[in-house]
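Chain naming here is simple, since letters A, B, ... match the order of the sequence lines and numbering starts at 1 in each.
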Amino acid sequence: MPELPEVETVRRGLLPALAGARIARVEQRRPDLRFPFPPGFVERVTGRRVLGLRRRAKYLLADLDSGETLVMHLGMSGSFRVDGATPGLFHHPRDKNAAHDHVVFHMESGARVTYNDPRRFGFMLLIPTPELDRHKLFEGLGVEPLGPALDAAFLARAFRGRKAPTKALLLDQRLIAGLGNIYVCEALHRAGVSPLAAGGSLVKAAGAPTAALGRLPGAIREVLEAALAAGGSSLRDHRQADGSLGYFQHRFRVYDREGAACPTPGCHGAILRAVQSGRSTFYCPDCQKPRPCRSGSGKP
DNA sequence: AACACCCCCTGTCGGC
DNA sequence: TGCCGACAGGGGGTGT
């Protein structure tokens, strides 16, 4: 499930149960997820108070009063469920997946925060809080797509001279941190940019962004904001921490819509599926042409 | 350096 | 109905 809007939605959902709360007990039900849990994981987390819950890219960061930060990544199929403290919210179908409940945080308040992850591509680490920015996982991370650093000039600098397709560059967490396969497809469509075009083709010789590249930051921001407002996308029954479903998946314009009519007004194209670096790309070949002709004169 | 490809793991879905 | 391959929101590692 988890790209930026989903991880941020999870963060907000966990806030009431975690922020300022003390972890009374931890159940770690297996030795590893994608990576082994850090040595002494249970002991280092038990009894700690959670000072705050932040997000960076697709990582959740719980700052503990021990001076360590619990770093959590949801991988492809990770999710959190909160229950116990506020009865009567929403009853999650928990039994079905209980085999994949790998970590349970029992809060002092009585709330239970359960991490479930069938594919186990997620992971948890403990890193001293002051060292986070220097840690291997974070030091190379790119800009936050909803932050002020993402603009046309930034993309022009990042894309200049690059032969990799635009899709691959937008997925590269070292450039922009937080986008995933869905929202890259959606943003490219909204901007009218071909996912197949070389990144460098969107930058003029002098290093200035083309009109097409200029539309991308706004398109990225718009689609992320809209997804956030919808509580993220709920694919494969994925739920928010309170058990509710995000509904942005109903607003996908291209993702997983191969063969459907392009939703761009006036466009008569049909959505295609392509494979780029082993992952599906969905796009409209008519309004996402390699040579952007949507604005400006269209001259070379 | 930059890019393409493989892999980790489980579940689900479509085709035969 | 059942079996089998393809594919899934991520990203680390390796080989060219």
Side-chain angles (χ1 to χ4, degrees), chain A residues 1-11 29-36 55-60 71-80 93 96-102 115-125 135-142 145 157-187 195-201 223-224 227-228 230-240 245-252 254-259 273-282:
Chain A
M1 125 215 175
E3 299 182 37
L4 187 152
E6 290 76 32
V7 177
E8 178 61 22
T9 298
V10 168
R11 187 188 74 84
R29 297 181 176 170
R30 48 176 303 128
D32 54 43
L33 294 171
R34 175 172 185 174
F35 307 120
R55 179 192 58 75
R56 170 74 169 109
K58 300 172 192 171
Y59 293 90
L60 282 170
V71 174
M72 297 172 281
H73 196 288
L74 305 177
M76 290 278 264
S77 59
S79 66
F80 280 99
K96 180 181 164 193
N97 271 349
H100 301 303
D101 286 350
H102 304 309
Y115 179 69
N116 181 286
D117 188 354
R119 292 178 75 180
R120 303 201 303 276
F121 287 170
F123 55 88
M124 296 190 188
L125 300 176
H135 190 276
K136 185 181 172 188
L137 284 178
F138 297 96
E139 69 172 355
L141 276 185
R157 254 177 282 128
F159 284 16
R160 191 176 188 183
R162 299 290 298 266
K163 290 182 180 164
T166 307
K167 162 96 183 293
L169 295 178
L170 293 179
L171 278 175
D172 187 343
Q173 304 296 299
R174 295 167 301 183
L175 299 178
I176 304 173
L179 297 181
N181 205 33
I182 292 178
Y183 297 108
V184 163
C185 290
E186 293 296 310
L196 310 173
S201 73
V223 73
L224 293 181
L228 223 29
S233 304
S234 302
L235 269 43
R236 289 167 190 74
D237 203 30
H238 196 95
R239 283 161 195 276
Q240 298 176 23
L245 292 162
Y247 52 88
F248 191 74
Q249 66 278 12
H250 302 301
R251 299 232 282 276
F252 291 164
V254 291
Y255 185 82
D256 204 19
R257 303 200 60 216
E258 184 180 17
R273 173 180 176 270
V275 176
Q276 294 181 279
S277 32
R279 315 192 59 190
S280 290
T281 297
F282 298 91

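Rounded to a whole angstrom, the distance from the P atom of C/dG5 to that of B/dC7 is 15 Å. To the nearest whole angstrom, the two P atoms, one in B/dC5 and one in C/dC7, are 15 Å apart. Rounded to whole Å, the P atom of B/dC9 lies 24 Å from the corresponding atom of C/dC3.
The distance from atom CZ of A/F35 to atom C1' of C/dG10 is 10 Å, rounded to the nearest whole Å. Atom CG in A/L74 sits about 22 Å away from atom P in B/dC8, given to the nearest Å. Here the P atom of nucleotide C/dA8 and the CD atom of A/Q249 are 17 Å apart, to the nearest Å. Distance, A/R119 CZ to C/dG10 P: 10 Å, rounded to whole Å. One can place OH of A/Y183 at 10 Å from P of C/dG10, the figure rounded to the nearest angstrom. Atom C1' of nucleotide C/dG10 and atom CD of A/E6 are separated by 12 Å, given to the nearest angstrom. In this structure, CD1 of A/I182 is placed 14 Å from C1' of C/dC7, rounded to the nearest angstrom. Between the CG atom of A/D117 and the C1' atom of C/dA8 there is a distance of 13 Å, given to the nearest Å.
Exactly one residue among A/F252, A/Y255, A/Y183 makes a ring pair (Phe, Tyr, Trp, His ring centres under 6.0 Å) with A/F282. That residue is A/Y255.
In this structure, A/R273 reaches the sugar-phosphate backbone alone: every heavy-atom distance under 4.0 Å involves primed, P, OP1 or OP2 atoms, never a base. Across all strands, A/G278 comes closer than 4.0 Å to no nucleic acid atom at all (heavy-atom distances). At the heavy-atom level, A/F252 lies nowhere under 4.0 Å from the strands shown.
The side chain of A/K136 places an N or O atom within less than 4.0 Å of a non-bridging phosphate oxygen (OP1 or OP2) of C/dG13. An OP1 or OP2 oxygen of B/dC9 is reached within less than 4.0 angstrom by no side-chain nitrogen or oxygen of A/H100. Taking 4.0 angstrom as the limit, A/R279 places a side-chain polar atom (N or O) nearer than this to OP1 or OP2 of C/dG9. A close approach under 4.0 Å does not occur between any side-chain nitrogen or oxygen of A/R120 and OP1 or OP2 of B/dC8. Checking the phosphate oxygens (OP1, OP2) of C/dG9, a side-chain nitrogen or oxygen of A/Y255 falls inside 4.0 Å. Here A/S233 does not reach the OP1 or OP2 of C/dG9: none of its side-chain N or O atoms lies under 4.0 Å away. Between C/dG9 and A/K58, no contact under 4.0 Å exists linking OP1 or OP2 to a side-chain N or O. Regarding contacts with the backbone of C/dG10, every side-chain N or O of A/Q173 stays at 4.0 angstrom or more from both OP1 and OP2.
Contact check for A/K167 versus A/C185: side-chain heavy atoms found under the 4.5 Å cut-off. For the pair A/I182/A/F248, no side-chain contact is recorded, criterion being any heavy-atom separation below 4.5 Å from C-beta on. Between A/R30 and A/R120 there is a side-chain heavy-atom pair separated by less than 4.5 Å. In this structure, the side chains of A/E3 and A/V184 stay at 4.5 Å or more apart for every pair of heavy atoms.
Figure legend. C/dG9 is base-paired to no nucleotide; pairs are counted as Watson-Crick or G-U wobble with both atom distances under 3.5 Å. Searching all strands for a Watson-Crick or G-U wobble partner of B/dA2 with both distances below 3.5 Å returns C/dT16.
A donor-acceptor contact shorter than 3.5 Å links the side chain of A/K58 to the backbone of A/L179.
Among the nucleotides C/dG11, C/dG12, B/dC3, the one closest to the side chain of A/L137 is C/dG12.
In this structure, A/F121 does not pack face-to-face on the six-membered ring of C/dG11, missing the 5.5 Å centre cutoff or the 30° plane limit.
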